[in-house]
Amino acid sequence: MDRACARAASDRIAHPPARAIHWAGTPVMIDPVLDISASVRAAVVAVLGAAGESADLAIHRSEHADYQADVALAVARLLKRPPKEVAAAIVERLPPSDVLSDARVSGPGFINLNCRPEYLAMQLDRMRADSRLGIESALHPDTTVVDFSSPNLAKEMHVGHLRSTILGDSLARILDCLGHRVIRQNHLGDWGTPFGMLIEHMLDEGAAGNNDVRELSAFYRAARLKFDGDPQFADRARRRVVLLQSGDPPTLEHWRRLIDATTSHIDALYKQLHVALSRDDIAGESLYNPRLEGIVGELERAGLARSSDGAVCVFLPGFVSREGQPLPLIVRKQDGGFGYAATDLAALKHRLQALRAHRVLYVVGAPQSQHFAMVFDTARRAGWVPEGARLEHVAFGSVLGQDGKELKSRAGGAVSLSALLDEALLRARAIVDERSSSLEEGERARIAEIVGIGAVKYADLASDRIRDYVFNWSRMLTFEGNTAPYLMYAYARIRSILRKAGVDAATPASGPAAVRIDSPAERALALEILQFPGTLARVGETLQPHRLCQQLFRTATAFSGFYDACPVLNAEPAVRSSRLALCKLTARVLARGLELLGIDVPESM
RNA sequence: GCGCCCGUAGCUCAGUUGGAUAGAGCAUCAGGCUUCGAACCUGAGGGUCGGGGGUUCGAAUCCCUCCGGGCGCGCCA
């Protein structure tokens, strides 16, 4: 288990376990590992003495029991006794418990642990009564900056932006849910040499079209061709950059027109994608322009940066170039202009000092890992990074085509994001029309939107982000296995049951304990549901939303098994109300989990 | 050349930071709808975890080495 849970577990030895449910954001310890740890810890201390206080209990889910503890194997060597004997001694010393029904030694020294059904039911009831579903709020909330999406000015968003946008949105939601103060930063690429080129081309052509970014994209390509082929134009473009950077009013006016066109384009896409990014979150490269001079000066005075071949560079130990020479981080170019290293350094300093961030996340592709390693290292050496602050490059793999080669926008082969989403909607609509032909037109359209967008996002989030991603329609829109539609279908079936039973779906439960755990299918579902808060806490540390996807998939699978084995509506009254409560709790977990991934759920489909 | 990442079933992927016989989905085969939604469920076959060493009671996981693939490595961002 994660560090937070381990800490909470040891607290429970010192203080009597609080059984009361706490409301309004105070921690509700749901995860059975916490209570199991307390019992096992007591037994281990009884066997080992003080050394047992710090021993790793290694409690986790098991195929052979509800949970297993591997602590005996780990500590056997310290005691110079056979692991099986140590395990038996620990089992012997387990205190009487309302948590565990049985514990036995197995294999070379594993301790298999089963929970009492009444205990699982009680934990579920506590979770049901909690509007936060047992998700603990961080005891020491961090201010966390999440830098993600980062489209470019005057260019259409394409598949290459998809991962950063979706991953960043999900991580921001999750960290926010865990009680941290999240500051979203959309590092819009709105500054640099391309804009001199664009504005110069605008002036040549008399206009830059209207506010349609698709036109602007063509405009961009035309300007680029001219820039590459016409040295005189290239010179004018470079001079225009200087005018832009020095704040020349007519130049700025044209630049703002580009900004307006771009923001209306990306706003529409964010809305369609259900990504929580607004204009207020835009902190583009231009924002840092006035500070670049000062940043470079500061680095020079600190002895970190020095002149090299006419540029100003930071040289860091451990970074070596192709020729074996020290590898520079170029903060100021030969021509006096500032590169993206300077901008990133200024942005980082701003986030640490003005925004007072404890944690800064960069949701940016893996190819830039060396760049960020150098930027972070420089910031530390400059003394900008407070003790304990974390700078993390949340790296992800490249988007590849079917041929396994990287999709590159400059090659002209990149699929535009809006075209991609349009196709996702069309394909989802065809499936919904076929499967849910009895529903009305408007209803089918709404479902197709939820399913289509959700499928695309989930396909991206469900695989480990560090791996390369092969862009593949059938992968995105296959509705089987670990996919959004599978989870949505489980949710829709629950909602159907709840509608028939007249149960309100969204609100926390009130009243006395109602859940009973009798059958194996109920137990399996209960154990998955109770994993939810701990999984979220873990994702908050590892920044791997695919672990949340995995957990939701296991929960939905367990529900399908339960659905198959356990009739709800026709069961006898006590069983019926218990199973209804289990259904409703499952629905809330699925809906909340998907919400944290930025994905909507349909009430029917 | 140096550095980082990846390599797991025919395909697409997990593997809870070192634990039991390496798990899912797709595909294949065999079953299950007069009962809450079959976009579902149950079962079967399918593996030298890229190769080889090492550490360990115990390795897909940690270390070394080799092979294969990708990316980065001075003025684009």
Next item on the list: Classify the nucleic acid contact of A:Asn112 as base, sugar-phosphate or nothing, counting any heavy atom under 4.0 Å across all strands shown.
Entry: base
Next item on the list: Would you indicate what A:Gln334 reaches in the nucleic acid, counting non-hydrogen atoms under 4.0 angstrom: base, sugar-phosphate, or nothing?
Entry: base
Notebook entry, point to check: Base, sugar-phosphate alone, or nothing: which one does A:Arg77 contact when heavy atoms must sit under 4.0 Å apart?
Noted result: sugar-phosphate
Margin query: Taking only the C1' atom of each, what is the distance from B:rC75 to B:rC67 in whole angstrom?
Written below: 37 Å
Notebook entry, point to check: Ignoring hydrogens and angles, are the base of B:rG25 and the side chain of A:Thr483 linked by a donor-acceptor pair under 3.5 Å?
Noted result: no
Note to self: Checking understanding here: a glycosidic angle within 90° of 0 is syn, the rest anti, so what is B:rU17?
What the structure shows: syn
Next item on the list: Determine the contact category for A:Cys583: base if any of its heavy atoms lies under 4.0 Å from a base atom, sugar-phosphate if only primed atoms, P, OP1 or OP2 are that close, otherwise nothing.
Entry: nothing
Item checked: Sugar-phosphate only, base, or nothing, as touched by A:Thr542 at under 4.0 Å among non-hydrogen atoms -> base
Margin query: Using OP1 and OP2 only, check whether a side-chain N or O of A:Arg322 sits under 4.0 Å from B:rG74.
Written below: yes
Next item on the list: Check every strand shown and say whether A:Ser463 touches a base, only sugar-phosphate, or nothing at a heavy-atom separation below 4.0 Å.
Entry: sugar-phosphate
Notebook entry, point to check: Along nucleotides 36-41 of chain B, 5' to 3', which nucleotides get a B, which get an S, and which get a -, given that the test is a protein heavy-atom distance under 4.0 Å?
Noted result: BBSBSS
Notebook entry, point to check: Which of the following nucleotides, B:rU17, B:rC57, B:rC73, is nearest to the side chain of A:Leu73?
Noted result: B:rC57
Notebook entry, point to check: For B:rG1, which nucleotide is its Watson-Crick or G-U wobble mate, given both distances must be under 3.5 Å?
Noted result: B:rC73
Checklist line | Touch class at under 4.0 angstrom, heavy-atom based, for A:Gly189 against every strand present | finding: nothing
Notebook entry, point to check: Counting only Watson-Crick or G-U wobble pairs whose two distances fall under 3.5 Å, which nucleotide matches B:rC11?
Noted result: B:rG25
Checklist line | B:rG54 and B:rU16, which share atom name P, separated by this distance in whole Å | finding: 25 Å
Notebook entry, point to check: Salt-bridged, A:Asp235 to A:Arg238, with N to O below 4.0 Å?
Noted result: yes
Notebook entry, point to check: So, A:Phe562 versus A:Phe559, ring centres under 6.0 angstrom or not?
Noted result: yes
Next item on the list: Look at A:Lys333 and B:rC76 and indicate whether a side-chain polar atom (N or O) is within less than 4.0 Å of OP1 or OP2.
Entry: yes
Notebook entry, point to check: Under 4.0 Å between a Lys/Arg side-chain N and an Asp/Glu carboxylate O for A:Glu541 and A:Arg547?
Noted result: no
Checklist line | Qualifying salt bridge (charged side-chain N to carboxylate O under 4.0 Å, His left out) pairs with a residue from residues 64-78 of chain A, counting only residues at least two apart or across chains | finding: A:Asp66-A:Arg523
Check: Which value, in whole Å, describes the distance between the C1' atoms of nucleotides B:rA9 and B:rU28?
Finding: 13 Å
Check: Contact class for A:His64 (heavy atom, under 4.0 Å): base, sugar-phosphate, or nothing?
Finding: base
Note to self: What verdict does the side-chain hydrogen bond (donor to acceptor under 3.5 Å, both in side chains) test give for A:Tyr288 and A:Asp344, after you've listed the backbone C-alpha separation in whole Å, the side-chain angles of each residue and the deciding distance to 0.1 Å?
What the structure shows: CA-CA 9 Å; A:Tyr288 307 105; A:Asp344 275 336; over 6 Å; no
Check: Less than 4.0 Å between a side-chain N and a carboxylate O, is that true for A:Arg446 and A:Glu443?
Finding: yes
Item checked: Pairs satisfying ring-ring contact (aromatic ring centres under 6.0 Å, His included), at least one member in residues 54-91 of chain A, at least two apart -> none
Check: With sugar-phosphate meaning primed atoms plus P, OP1 and OP2, does A:Pro328 contact a base, only sugar-phosphate, or nothing at under 4.0 Å between heavy atoms?
Finding: base
Which pairs, protein N/O on one side and nucleotides 7-12 of chain B N/O on the other, fall under 3.5 Å?
| from | atom 1 | to | atom 2 | distance (Å) |
| --- | --- | --- | --- | --- |
| B:rG7 | OP1 | A:Arg467 | NH1 | 3.1 |

Margin query: Ignoring hydrogens and geometry beyond distance, is the side chain of A:Gln68 in donor-acceptor contact with the base of B:rA20 at under 3.5 Å?
Written below: yes
Next item on the list: Determine the contact category for A:Ala74: base if any of its heavy atoms lies under 4.0 Å from a base atom, sugar-phosphate if only primed atoms, P, OP1 or OP2 are that close, otherwise nothing.
Entry: base
Notebook entry, point to check: When you compare B:rG7 with B:rG15, how far apart are their P atoms, in angstrom units rounded to a whole number?
Noted result: 10 Å
Checklist line | Among B:rG74, B:rC4, B:rA77, the one nearest A:Gln368 by side-chain distance | finding: B:rA77
Check: Rounding to the closest angstrom, what is the interatomic distance between B:rC6 and B:rG58 at atom C1'?
Finding: 26 Å
Notebook entry, point to check: Base, sugar-phosphate alone, or nothing: which one does A:Ala366 contact when heavy atoms must sit under 4.0 Å apart?
Noted result: nothing
Item checked: Out of B:rC75, B:rC6, B:rU17, whichever nucleotide has its closest atom nearest the side chain of A:Arg538 -> B:rU17
Next item on the list: Tell me what A:Asp464 touches on the nucleic acid: a base, only sugar-phosphate, or nothing, going by heavy atoms under 4.0 Å.
Entry: sugar-phosphate
Notebook entry, point to check: Taking only residues two or more places apart in sequence or in another chain, which ones pass salt bridge (Lys or Arg N to Asp or Glu O under 4.0 Å) with A:Arg427?
Noted result: A:Glu423
Notebook entry, point to check: In this structure, are over 12 heavy atoms from other groups packed under 6.0 Å from A:Arg104 atom CZ?
Noted result: no
Notebook entry, point to check: Which residues pass the salt bridge (Lys or Arg N to Asp or Glu O under 4.0 Å) test with A:Arg61, sequence neighbours left out?
Noted result: A:Glu528
Next item on the list: Specify whether A:Phe227 and A:Phe233 have parallel, tilted or perpendicular ring planes, treating 30° as the upper limit for parallel and 60° as the lower limit for perpendicular.
Entry: perpendicular
Margin query: Over all strands shown, is A:Leu327 touching base, sugar-phosphate only, or nothing at heavy-atom distances under 4.0 angstrom?
Written below: sugar-phosphate
